[in-house]
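The structure appears right after this line, and notes come after that.
A note on names: the letters A, B, ... follow the listed sequences, proteins ahead of strands, and every chain is numbered from 1.
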Amino acid sequence: MKRELIKYVLEREDYGAEVTVAGWVRTRRDSKGGFSFIELNDGSTLTGLQIIADGDLPNYESDVLRLSIGSAVRVTGILTESPAKGQRVEIKATEVEPFGLADPETYPLQKKRVSFEHLREIAHLRPRTNTIGAVARVRNALSYATHQFYQDRGFLYLHTPIITTSDAEGAGEMFRVTTLDPGSPPRAENGAVDYAQDFFGVPTFLTVSGQLNAEAYALAFDRVYTFGPTFRAENSNTRRHLAEFWMVEPEIAFADLNDNADLAEDYVKYLIRYVLEHNTTDIEFFNKWVDETLVDTLTGVAESDFERITYTQAIDLLEKADESFEFPVAWGDDLQSEHERYLTEQVIKKPVIVTDFPFDFKAFYMRRNDDDKTVAAMDVLVPQIGEIVGGSQREERLDVLADSMRIKGMDEDHYWWYLDLRRFGSVPHAGFGLGLERVVQFATGMQNIRDVIPFPRSPRNAEF
RNA sequence: UCCGGGGUAGCUCAGUUUGGCAGAGCAGCGGACUGUUAAUCCGUUUGUCGUGGGUUCGAGUCCCACCCCCGGAGCCA
């Protein structure tokens, strides 16, 4: 049987037409006038559709009165102008067909608000709540907008490997991938685990970034982007980190750090404008229930020019700051979270792109500046979230790259193919990584990153 | 991993200071009322007080160990 999504029904004005909808009951209120109100939600939009189920229905007693929150039902009826306040249209049911019911004694969700902490324990049912439902729609919109943004600009969507042998940046613990028996792995003569007998013949891991592979394709397609899951085995217990998260990584050839910053700014603004325009109902819901400054913040970001300062200028600002920081400010030390937040929230009060960080604490592949002290790196900082984008111009000069790798203590042989890209047709190129969940957090105002991904993976949590 | 705060009814939480019958609101259930919409009103059921030891006549409360959750920090996206 044909059915229509509720978000489209809510826009119709052809009263008297017959429509069929299906979804899950949010509430049922009985009137002693001999009929019931059923609020139905199918996830297509935040707003539910009100169903009027009259006592004359043949299965009113047997079925309608047993529909409670969480029950699945299909309804056919007449589109009607609602006589009461609260909604413009409603459905006067001619047929109510129940599917699976939900025992109200044991169904974990209730009409009242429950805490996000509790919803994480029922991650399989939480998409039926207003907030998590709205998060899912915004996340979907941001994903769609990402493809639209890059496709419109001629970028090639690139699928980079999930299983890798390289630890990309040398930073961050990785998840090992193996088919060896953890109880009794084969041993080499020296007693170490013999990975020659493992599936790939070498130690392998889940990727922490698709960047190195993306660089190879950028040097063939001019502009590419990846969009997929990445993994970090860090024991991070914060509201901003996950063990499995989705990252968008564009990589552009014939480009420098400035081009990179332009791209990042355009992209972030595009995403925010997209959800403001297309997810208005959800954003207003978040503005009302989660963060009442959200719409102002998002509008500000969409309309403002991001401030651009160098790391050295940032240190100057922090040293002049009339603020006592837990961590001291000194040129050569990385910016701490408190420093980043002070810059974007207190001093500049809008997104900031900080560039040209000291070589000492940045990755080997970042292009060294002429001052021989800094590299062409950039971080995009936004209020509340902090770092939302990290990127750099890549080192395209073979001798300099090799030198950087030696200084950082890396095995050049292992990266032979990456170095090849500098041997053959090397060009200046740049790219960045954007954590999708961080953007979902920013766009919704949701405080905890575990609430903006359907089934979060974090230390001690992989149940669903 | 470090610092801090927590874990008591299906949910949100009081009770722990000073050891002495296990509590409230909401949800659920029964009823009343009502074009209702976080409905309202009356009545009512519900407990491994995170787990394991210990002290005590007696432990939710005191002691020890461990587990888990939340916030902040580090790492980063």
Pairs under 3.5 Å (N/O, protein and nucleotides 67-70 of chain B):
| from | atom 1 | to | atom 2 | distance (Å) |
| --- | --- | --- | --- | --- |
| C69(B) | OP2 | Arg460(A) | NE | 2.9 |
| C69(B) | OP2 | Arg460(A) | NH2 | 3.2 |
| C70(B) | OP1 | Arg120(A) | NH1 | 2.7 |

Ignoring the backbone of Phe327(A), work out which of A77(B), G35(B), A73(B) is nearest its side chain.
A73(B)

Please compare Ser236(A) and Ser68(A) by the position of their nearest nucleotide in RNA chain B and report the one closer to 5'.
Ser68(A)

Are the charged groups of Lys373(A) and Asp356(A) less than 4.0 angstrom apart, N to O?
no

Look at all strands and tell whether Tyr107(A) reaches a base, only sugar-phosphate, or nothing, counting heavy atoms closer than 4.0 Å.
nothing

Heavy-atom donor-acceptor pair, Glu39(A) side-chain to U36(B) base, under 3.5 Å:
no

Electrostatic pair Glu437(A):Arg139(A) at N-O distance under 4.0 angstrom
yes

Donor + acceptor pair across side chains of Tyr225(A), Gln151(A) (<3.5 Å):
yes

Would you say Arg26(A) reaches A38(B)'s phosphate, i.e. side-chain N/O to OP1/OP2 under 4.0 Å?
no

Heavy-atom nearest nucleotide on RNA chain B for Ser115(A) versus Ser337(A): which residue maps closer to 5'?
Ser115(A)

For the CG atom of Leu49(A) and the CZ atom of Arg26(A), what is their distance to the nearest 0.5 Å?
12.5 Å

When you measure from every atom of RNA chain B, which of residues 41-59 of chain A have a heavy atom less than 4.0 Å away?
Gln50(A), Ile52(A)

Should G20(B) form a Watson-Crick or G-U wobble pair with both distances under 3.5 Å, which nucleotide is its partner?
C57(B)

Could one point to a donor on the side chain of Glu105(A) or the base of G10(B) with an acceptor on the other under 3.5 Å away?
no

Ranking C29(B), C75(B), G35(B) by distance to the side chain of Pro104(A), first place goes to C29(B)

Pairs: protein N or O with nucleotides 39-47 of chain B N or O, under 3.5 Å:
| from | atom 1 | to | atom 2 | distance (Å) |
| --- | --- | --- | --- | --- |
| A39(B) | OP1 | Lys111(A) | NZ | 3.4 |

Would you say the ring centroid of Phe175(A) lies under 6.0 angstrom from that of Phe205(A)?
no

Determine the contact category for Arg239(A): base if any of its heavy atoms lies under 4.0 Å from a base atom, sugar-phosphate if only primed atoms, P, OP1 or OP2 are that close, otherwise nothing.
sugar-phosphate

